[in-house]
Amino acid sequence: MPEPVHVRELTADDLEAAWELGRFAFGSDPQRPAPASTPVPGLTRYGAFDDAGRLVGKAVDLHHDQWWSGRAVPAADVAGVAVAPEARGRGVARALLTALLRGARDRQAAISALYPTVAAPYRACGWEAAGVLRTVDLATAALPRHRPASHLTVRAGTPADLPAVADLYERVARHRNGMLTRRGELFDAADRGLPGDGVTLVEADGELVGYATWQRGRGYGADSVLTVDEALAVTAEAARELVGVLASWASVAPTLRLCPLDGDAVSTVLPLEAAREHERDLWMHRPVDVARAVAARGWPAHARGVVDFHLTDPLAEWNTGTWRLAVADGAAELTRVDAEVRLRLDVRGFALLYAGAARARSVAQAGLLHTTGVAPDALDLLGAGGPAQLLDYF
């Protein structure tokens with residue numbers, strides 16, 4: 001029988017032990033940084049302790065907000081989960097994540113995302129795979145070149161341009177699902193210097209319409225890589241201009257590496273058919289509070305309907321029960337009902353539907369939705385709005 005662990009928020013006195021635990025789990029540099037002596041705004045650190053008071057597990061709740069169809073939804077994004085080797089397989093991670101979810105709900109979070117090193121423990125706790133953050137390599141010489149547009153200005157960015165860059169990111173991200181708002185204490189406390197080695201801006205009549213942040217890397221031989229951390233535009237002309245600038249690196253950086261954003265202006269210009277996958281990071285999703293998750297997000301104006309279902313959530317008992325989902329006029333509500341229902345949904349199935357990662361029939365085929373004499377399609381209403389995508393790794 002697993003030995004009990006005590007979970008609590010970490011204090012400044014615990015941070016060195018937490019760093020050491022993370023070093024072993026993730027193979028980081030053994031040279032210790034100076035431990036922080038004050039709490040970091042915008043996150044909560046949790047630790048699991050054995051009966052002897054030894055730290056045997058840790059997890060971090062990042063106080064993010066995510067865009068869902070024009071509305072910012074409070075999120076508890078999970079990072080830094082580590083368990084001491086001697087304590088693995090004994091329920092430590094489950095105890096940590098249970099406490100994290102409860103604390104996240106108390107601070108009004110609605111949803112959660114994470115990048116797993118292994119999916120199975122998180123599936124056991126209600127998260128489910130909902131998407132992939134892809135990093136691809138392209139031959140820089142294959143990027144399309146075009147005659148620069150006379151009404152567009154291309155220039156190097158400065159720290160004074162960063163607010164405009166943040167505004168353009170929000171113009172792209174806010175009407176999608178899942179992307180971070182990049183607002184809040186965590187981002188307010190971040191370094192305000194230029195990201196990477198440089199920022200390239202495209203302007204029209206003094207207004208920013210496209211940008212790329214990049215890292216030059218080393219060398220200029222056949223193995224030289226230009227890493228584009230982000231390239232976004234809000235017009236087709238700006239996207240073409242931006243890609244043309246990136247193409248100009250071909251003589252000294254034969255490979256361009258970036259994370260494409262599905263269906264955005266820049267991706268429609270890139271020769272993605274020739275892309276080679278460099279890296280893929282699976283991300284998982286789950287609700288923290290299902291009623292809050294439904295009420296907080298935006299919904300397509302055309303979506304309309306009502307469906308009753310029973311939800312099971314072993315870790316977050318406040319989500320378990322029989323619910324009625326009503327969607328109309330760009331908003332939705334989830335209310336408890338006392339009724340016999342023929343749709344029984346697992347919390348992992350809820351995560352898939354909410355994130356637009358699967359339709360109800362697929363969720364049923366996966367064993368995460370059980371029906372009694374009815375088709376499952378009515379629950380497709382929960383996924384109205386299209387698939388979610390993340391562009392930030394945490």
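Note that the structure is predicted; figures quoted are calculated from it, not measured.
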Okay, side chain of [X], backbone of [Y]: is any donor-acceptor separation there less than 3.5 Å?
X    : Y    : result
N319 : V290 : yes
S224 : G221 : no
W299 : A295 : no

Exercise. Does the side-chain contact (heavy atoms from CB on, under 4.5 Å) test come out yes or no for D338 and T322, once each step is laid out?
Worked result: CA-CA 7 Å; D338 183 13; T322 303; over 6 Å; no
For this session: Calculate, to the nearest 0.5 Å, the distance between atoms CZ and CZ belonging to R257 and R276 respectively.
Result: 9.0 Å
For this session: Report the distance from atom CZ of R174 to atom CZ of R71, rounding to the nearest 0.5 Å.
Result: 11.0 Å
Check whether [X] and [Y] end up in the same hydrophobic cluster, where Ile, Leu, Val, Met, Phe, Trp and Tyr are linked by side-chain heavy atoms less than 4.5 Å apart.
X    : Y    : result
V209 : V154 : yes
L368 : L325 : yes
L21  : L100 : no
L315 : L352 : no
L258 : L232 : yes

For this session: Scan for salt bridge (charged side-chain N to carboxylate O under 4.0 Å, His left out) pairs involving residues 204-223, sequence neighbours excluded, and state none if there are none.
Result: R171-E207
Problem set entry | Over 12 non-hydrogen atoms of neighbours within 6.0 angstrom of CZ in R359 | no
Exercise. Just wondering, are more than 12 heavy atoms of other shown residues or ligands nearer than 6.0 Å to CZ in F187?
Worked result: yes
Less than 4.5 Å apart, side chain to side chain, heavy atoms only: is that true for [X] and [Y]?
X    : Y    : result
H285 : L114 : no
R134 : E277 : yes
L345 : L353 : yes
V136 : P260 : yes
T153 : V202 : no
Y211 : L168 : yes

Holding to side-chain hydrogen bond (donor to acceptor under 3.5 Å, both in side chains), I want the full list of residues that pass it with [X], two or more places apart in sequence or in another chain.
X    : result
D377 : R361
D14  : R8, T11
D161 : R155, T158
N177 : S69

Less than 4.0 angstrom from a charged side-chain N to a carboxylate O is my criterion; do [X] and [Y] meet it?
X    : Y    : answer
D308 : R342 : no
R183 : D188 : no
K58  : E20  : no

For this session: May I ask you to check whether Y354 and W68 place their ring centers less than 6.0 Å from one another?
Result: yes
Exercise. So L379 and L343, side-chain contact (heavy atoms from CB on, under 4.5 Å) or not? Walk me through it.
Worked result: CA-CA 8 Å; L379 271 175; L343 296 171; 4.0 Å; yes
Exercise. What pairs with D167 under salt bridge (charged side-chain N to carboxylate O under 4.0 Å, His left out), at least two apart in sequence or on another chain?
Worked result: none
For this session: With sequence neighbours left out, write down each residue that passes salt bridge (charged side-chain N to carboxylate O under 4.0 Å, His left out) with E230, or none if nothing qualifies.
Result: R182
Problem set entry | Counterpart residues, ring-ring contact (aromatic ring centres under 6.0 Å, His included), relative to F394 (two or more places apart) | H64, Y115
Testing the basics here: between [X] and [Y], what is the closest heavy-atom pair and its distance to 0.1 Å?
X    : Y    : answer
P159 : L194 : N-CD2, 3.8 Å
V307 : A378 : CG2-CB, 3.7 Å
L242 : A231 : CD2-CB, 4.3 Å
A239 : V269 : CB-CG2, 3.9 Å
P376 : T371 : CB-CG2, 3.9 Å
P314 : R94  : CB-NH2, 4.1 Å

Exercise. In chain order, what residues pass the side chain to side chain contact (heavy atoms under 4.5 Å, CB included) check against Q215, with sequence neighbours excluded?
Worked result: D197, T227, D229
Exercise. Of all residues at least two apart in sequence or in a different chain, which pass the side chain to side chain contact (heavy atoms under 4.5 Å, CB included) check with A72?
Worked result: D65, W67, T181
Donor-acceptor pairs under 3.5 Å, side chain of residues 244-256 to any protein atom, not counting sequence neighbours: which ones?
| from | atom 1 | to | atom 2 | distance (Å) |
| --- | --- | --- | --- | --- |
| S248 | OG | V245 | O | 2.5 |

Exercise. Should R123 and E128 be marked as a salt bridge (charged side-chain N to carboxylate O under 4.0 Å, His left out) after you check the CA-CA gap, both sets of side-chain angles, and the distance that decides it?
Worked result: CA-CA 6 Å; R123 280 196 169 114; E128 187 48 73; 2.9 Å; yes
For this session: Determine, step by step, whether H278 and T135 satisfy the side-chain hydrogen bond (donor to acceptor under 3.5 Å, both in side chains) criterion, reporting the C-alpha distance in whole Å, the side-chain angles of both residues, the deciding distance to 0.1 Å, and the verdict.
Result: CA-CA 5 Å; H278 171 71; T135 306; over 6 Å; no
For this session: Using the side-chain hydrogen bond (donor to acceptor under 3.5 Å, both in side chains) rule, take D289 and Q108 through it: C-alpha gap first, then chi angles, then the decisive distance, then the call.
Result: CA-CA 8 Å; D289 184 298; Q108 306 298 302; over 6 Å; no
For this session: Step by step, work out the side-chain hydrogen bond (donor to acceptor under 3.5 Å, both in side chains) result for W127 and S112.
Result: CA-CA 8 Å; W127 278 265; S112 173; 3.1 Å; yes
Do any side-chain atoms of residues 142-149 form donor-acceptor pairs under 3.5 angstrom with protein atoms, and if so which ones, sequence neighbours left out?
| from | atom 1 | to | atom 2 | distance (Å) |
| --- | --- | --- | --- | --- |
| H146 | ND1 | R240 | O | 3.4 |
| H146 | NE2 | E241 | OE1 | 3.3 |

Problem set entry | salt bridge (charged side-chain N to carboxylate O under 4.0 Å, His left out) between R45 and D61, intermediate numbers included | CA-CA 6 Å; R45 296 185 175 102; D61 168 10; over 6 Å; no
